[in-house]
Amino acid sequence: MGVAISRFLEKPYLSICLLFLITVVSITSYVYSIFKPKDSSISEYYLSENAEYFVGDIPKDDTGKIDFQKMHKVHWLSSSGWINDDEFKRITDSEYIWLRSKAFSEVENEDLHFLLEHAGLNIEIFNENGDTIFKYGEFSDPKYLPNIFQSKFSWVKIPNDGSKFYYLRLFHKKGILFSITIIENLIGKQTALYREIALKNVTAIFFHSFFLMIGIICAFVYFIEYKKQYNILLDFSSFSLCFGILGLTSNEFIRYLFTNTQTLYILSIIASNFVFIPMLSGVRRLFGSGSFRVLDILIYGDVVICSLTTILVFSLPFSDISHSLLISTRSFFILFNLLNIIGPIFITYESWKKGNKEAFGHFIGFSITLVLVILEIIMAIKYNDTTPTGIVFWGVLFGVISQGFALERMLFTERQKALLYKEDLLKAEKTLKESQLKTLQTKMNPHYLFNSLNTIHALHKIKPELIGDAIMSLANNYRFISDRTDRDWIPFEEEWSFLEDYLHLQKLRFYDTIQIDFKKSGDFSNVVLPPLLLQPIIENSFKHGFRGSSEGQLQLFIHAKMIKDSVFSFVVYDNGTGIPEDLISDKQKLMSRSLGNIKERLKNLYSEFQFDITRNYPEGTRTEIEIILTSKVLPTT
C-alpha cells in the first residue's frame, strides 16, 4: 500500500488537476470581468483615502448640532501621502479625529450604498446640514470600542441631499491604531455591489487557495517520504502555506464572509511576519549561505525580529507603547523587507558567477521582485499605506515560483525530466505555429494568448533569460491587435512597433538560425496605414519561404522607405525555398494565397499602387509594395 501511494505521488497528477482547476476558474473569471456588460449603477468612490483630517473634536452649538458651514474656515490637513511619525502619533493620541471627504455628487438613484470596513473605532457620518447619515457605536465610553483585530462591515446608504462634503467623526481609544476604508472603493445598488465585489475577489481567492493546497500536498509528500529528507520540500511547503494563508486572510471578501475576523487577523500577522524565513532557507539549501554568511544572518535576524514584531502586534489592544513602537519603526520594516529580497539576489548572482546555471533564473526572479517591491513602497508612501502586506505579496510570489522550479528538478528523475523537456519543446513548436497572428478580417483571440503563454513557459528550460522580453512582446502584440485592428487607419509607427514585437517572437522560434535586417528610412510622421497590412507579407516568409529550407543560415530583409513625401515603399525578401514554377506561371494561383488578399485590400483602399511577388536571386522570394498615399480612396456615403 505504501509503495502504491509513493508511486502515485511521484506522478504530478494532483498538481496537474489543481493547476487545471485554478487556470480554468481564473481565466473564466478574468474574461468575464472584461467582457461582461457594465453595470451603470456602480461607480468608483473614495471616502477616506484622499480625505482631509482634523485632530480633536468639534464642539456642538447650543442646539446640540455642529455648524459645518463654519468648518470650511478651519484648516484641514491632507491625509494623502506619507504622514511623518510625529503627526501619526498626534493622530493616535487623540480620541477624536474628523475626516472631511467630497460627497458622491452623482446621486440619481436613492438606493445607492457602499460597504464600509472599519476596525478599532466608532464612526458617525454627517452631511453638511449636520444630519447623521450613518452611525456605528457610542461615543461616550472607550471601553466598548472594538479593537484593531475586529474588523466590522457596515452597509452605508448614500443620501440624495446635495451635500458637497461628508464629515466623519471617528472615536477611538487614545494611543490605539484604527482603520477605515470602502471595500473596492465602489458605490452602487447593494445587490449589484455585492456581486461586483465577489467577482473582483474570486480570482485572488482561487489563486491563493491554489498555493495553500500546494503547501498542504508538499507537506504530505514530505512526511510520507520522510526518510529521503526532502528538506527543501518542507521549506517550499511552509512558504506556500504562508503565502496562501496571507492572501486569503487579507482578502476583503473573505473577511466580510468570515464572522471571526479576529482569527483571520492573527493568521495574517503570523503569515506576513514569518513568510520570508522558509523562502530564505530554501535559497540557502540550493545555493549555500554565500560570502559573509549573508543568508545565515538574514534568517536568524528574521527569526528574532519577526518574533518580536508578532508579540508587539498581538499586544496592540493592551499596550500604548506597542503602537508607538510600530509607528516609529515603519521605515525600518520597509528596509527590512528590502533586505530579505536583496540577500537572495546577492547569493544567486554569486552562485551564477561561480558556474551554477540554475542560479541565473532565480537571480532574474528575485531581481524582478525587488523592482516590484520598490514600486509597492512608492505606492505605500504615496497613499499612506502603512501595512506591509502588499510588499510581502510581491516578495513571496517570485520566491514560491523559483523554489517551485527547483523542487521540480529535485523530485523527478533524469528520465522523466528528459521526457518533459522533449514534450515541452514539441508543445512550444506547435504553439508558435498555431499562434501566428491572424490577419486581415480576423483579430487575435484568447487561444493565441493561451498558446503563447505555454510557449513562454517552455522557455524557462531553453533560454530563461528571454522570458521577460518574450512576455513584453506578447503583451504588446495582444494589446495592438485587441485595440488597433478595429480602426480603419493607424499611424505607421504603431504598425512598425507591432512588427518589431512580432519579429522578436519569431526569433525565439528560430533561435540563432535566422538573421533579420529590419530597417526604415525617411519621414513617416504623417503616414497612416490600415492595420495589419504589412505583417502578412513578413509572415509569408516564415510560413512558406523557410518551411523545409535547407539553407543553414536563414536571412530576412525588411525595408520600409518614404520616396519623396507621398510614395510609400515596403520590400521584403528572403533566402528561403522560393516560389515553385507552377505558381510563377499561374498568377491567379499565386494570388490565391494569403498575399492575394492584401492586393485586394490595397485595391479597395488606394487607386494607385503596385504589388509584386517575384523570385529573389539567387534564391528565395521577393515581395514589393509601392503606394501613392495621396491616392487614398474615400469611402462612399
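What you see is a predicted model, and the numbers here were worked out from it, not measured in a lab.
No donor-acceptor pair closer than 3.5 Å links the side chain of His208 to the backbone N or O of Asn251. Judged by distance alone, the side chain of Ser94 and the main-chain N or O of Ile91 form no donor-acceptor pair under 3.5 Å. Of the possible donor and acceptor atoms, one in the side chain of Thr348 sits under 3.5 Å from a partner among the backbone N and O of Pro344. Ser237 places no side-chain N or O within 3.5 Å of a backbone atom of Cys218 that could act as its donor or acceptor partner. The backbone N or O of Ser163 lies less than 3.5 Å from a partner atom in the side chain of Asp161, making a donor-acceptor pair. Listed for the Ser250 side chain is a donor-acceptor partner under 3.5 Å among the backbone atoms of Leu246. A donor-acceptor pair under 3.5 Å is formed between the side chain of Ser289 and the backbone N or O of Asp296.
Considering OG of Ser43 and CG of Leu193, their distance stands at 10.0 Å, rounded to 0.5 Å. From Leu370, atom CG reaches atom CD1 of Ile342 across 5.5 Å, with rounding to the nearest 0.5 Å. Separation of atoms CD1 (Ile123) and CD1 (Ile180) is listed at 4.0 Å; rounding is to 0.5 Å. Taken from CG in Leu338 to CD1 in Ile345, the straight-line distance is 9.5 Å, to the nearest 0.5 Å. If you take OH on Tyr222 and CG on Leu234, they are separated by 5.0 Å, rounding to the nearest 0.5 Å. Within the model, atoms CD1 of Ile299 and CG of Asn340 stand 9.5 Å from one another, a figure rounded to the nearest 0.5 Å.
Using a 4.5 Å heavy-atom threshold, the side chains of Asn231 and Arg285 count as touching. In this structure the side chain of Leu77 never reaches within 4.5 angstrom of the side chain of Phe54, judged on heavy atoms. Counting only heavy atoms from C-beta outward, the side chains of Ser209 and Leu248 approach each other to under 4.5 Å. Side-chain atoms of Ser154 and Phe134, non-hydrogen and from C-beta on, do get closer than 4.5 Å to each other. Side-chain contact check for Arg90 versus Val55: some heavy-atom pair is nearer than 4.5 Å. Within the 4.5 Å cutoff, the side chain of Ile254 has heavy atoms near those of the Ile205 side chain. Within the 4.5 Å cutoff, side-chain heavy atoms of Phe178 are placed close to those of Ile97. The side-chain heavy atoms of Tyr45 and Ile182, taken from C-beta on, include a pair separated by under 4.5 Å.
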Apply salt bridge (charged side-chain N to carboxylate O under 4.0 Å, His left out) to the pair Arg169 and Asp57, showing each step before the final yes or no. CA-CA 8 Å; Arg169 188 188 190 201; Asp57 199 11; 2.9 Å; yes
Check the pair Phe104 / Leu112 against side chain to side chain contact (heavy atoms under 4.5 Å, CB included), numbers first and verdict last. CA-CA 10 Å; Phe104 186 70; Leu112 294 182; 3.9 Å; yes
Using side chain to side chain contact (heavy atoms under 4.5 Å, CB included), reason through Lys164 and Glu128 one step at a time and then give a plain yes or no. CA-CA 7 Å; Lys164 294 182 179 180; Glu128 285 188 306; 3.8 Å; yes
Step by step, work out the side chain to side chain contact (heavy atoms under 4.5 Å, CB included) result for Ile197 and Arg195. CA-CA 6 Å; Ile197 292 173; Arg195 183 174 62 251; over 6 Å; no
Assess whether side chain to side chain contact (heavy atoms under 4.5 Å, CB included) is satisfied between Glu95 and Phe139, documenting all intermediate values. CA-CA 10 Å; Glu95 290 183 329; Phe139 288 74; over 6 Å; no
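Checked for salt-bridge contact, Arg284 and Asp235 miss the test: no charged N lies under 4.0 Å from a carboxylate O. Using a 4.0 Å cut-off between charged side-chain N and carboxylate O, Lys200 and Glu184 make no salt bridge.
Residues His172 and Leu121 come closest through the heavy atom pair CB-CB, 3.9 Å. Taking each heavy atom of Val275 and Cys242 in turn, the nearest pair found is CG2-CB, 3.6 Å. Contact record, Ser240 with Ile214: OG-CG2, 4.1 Å, taken as the closest heavy-atom pair. Nearest heavy-atom pair across Ala271 and Ile245 is CB-CG2, 4.2 Å. Leu186 approaches Phe114 most closely through the heavy-atom pair O-CB, 3.5 Å. Taking both residues in full, the closest heavy atoms of Ala51 and Ser101 are given as CB-CB, 4.1 Å, listed atom of the first, atom of the second, then distance.
The side chain to side chain contact (heavy atoms under 4.5 Å, CB included) with Tyr136 is formed by just one residue from the set Leu116, Asn122, Ile125; it is Asn122.
Under the ring-ring contact (aromatic ring centres under 6.0 Å, His included) criterion, Tyr194 pairs with Phe253, Tyr256, not counting sequence neighbours. Qualifying ring-ring contact (aromatic ring centres under 6.0 Å, His included) partners for Phe363, counting only residues two or more places apart in sequence or in other chains: Tyr349.
For Arg100 and Tyr53, the positive end is not near the middle of the six-membered ring at less than 6.0 Å and at most 45° from its axis.
Classified by interplanar angle (parallel below 30°, tilted 30° to 60°, perpendicular above 60°), the ring pair Phe336/Phe332 is parallel.
Among residue pairs with one or both ends in residues 247-276, those qualifying as salt bridge (charged side-chain N to carboxylate O under 4.0 Å, His left out) are Glu117-Arg255; sequence neighbours excluded.
Within 6.0 Å of CD on Gln190 lie more than 12 heavy atoms contributed by other residues, nucleotides or ligands.
The distance between the ring centers of Tyr167 and Phe126 does not fall below 6.0 angstrom. Proximity of the aromatic rings of Phe171 and Trp98 is defined here by a centroid distance below 6.0 angstrom, and this criterion is not met.
For the residue pair Asn273 / Thr310, a side-chain donor-acceptor distance below 3.5 Å is found, with atom types taken as modelled. No side-chain donor from either of His118 and Ser179 sits under 3.5 Å from a side-chain acceptor of the other.
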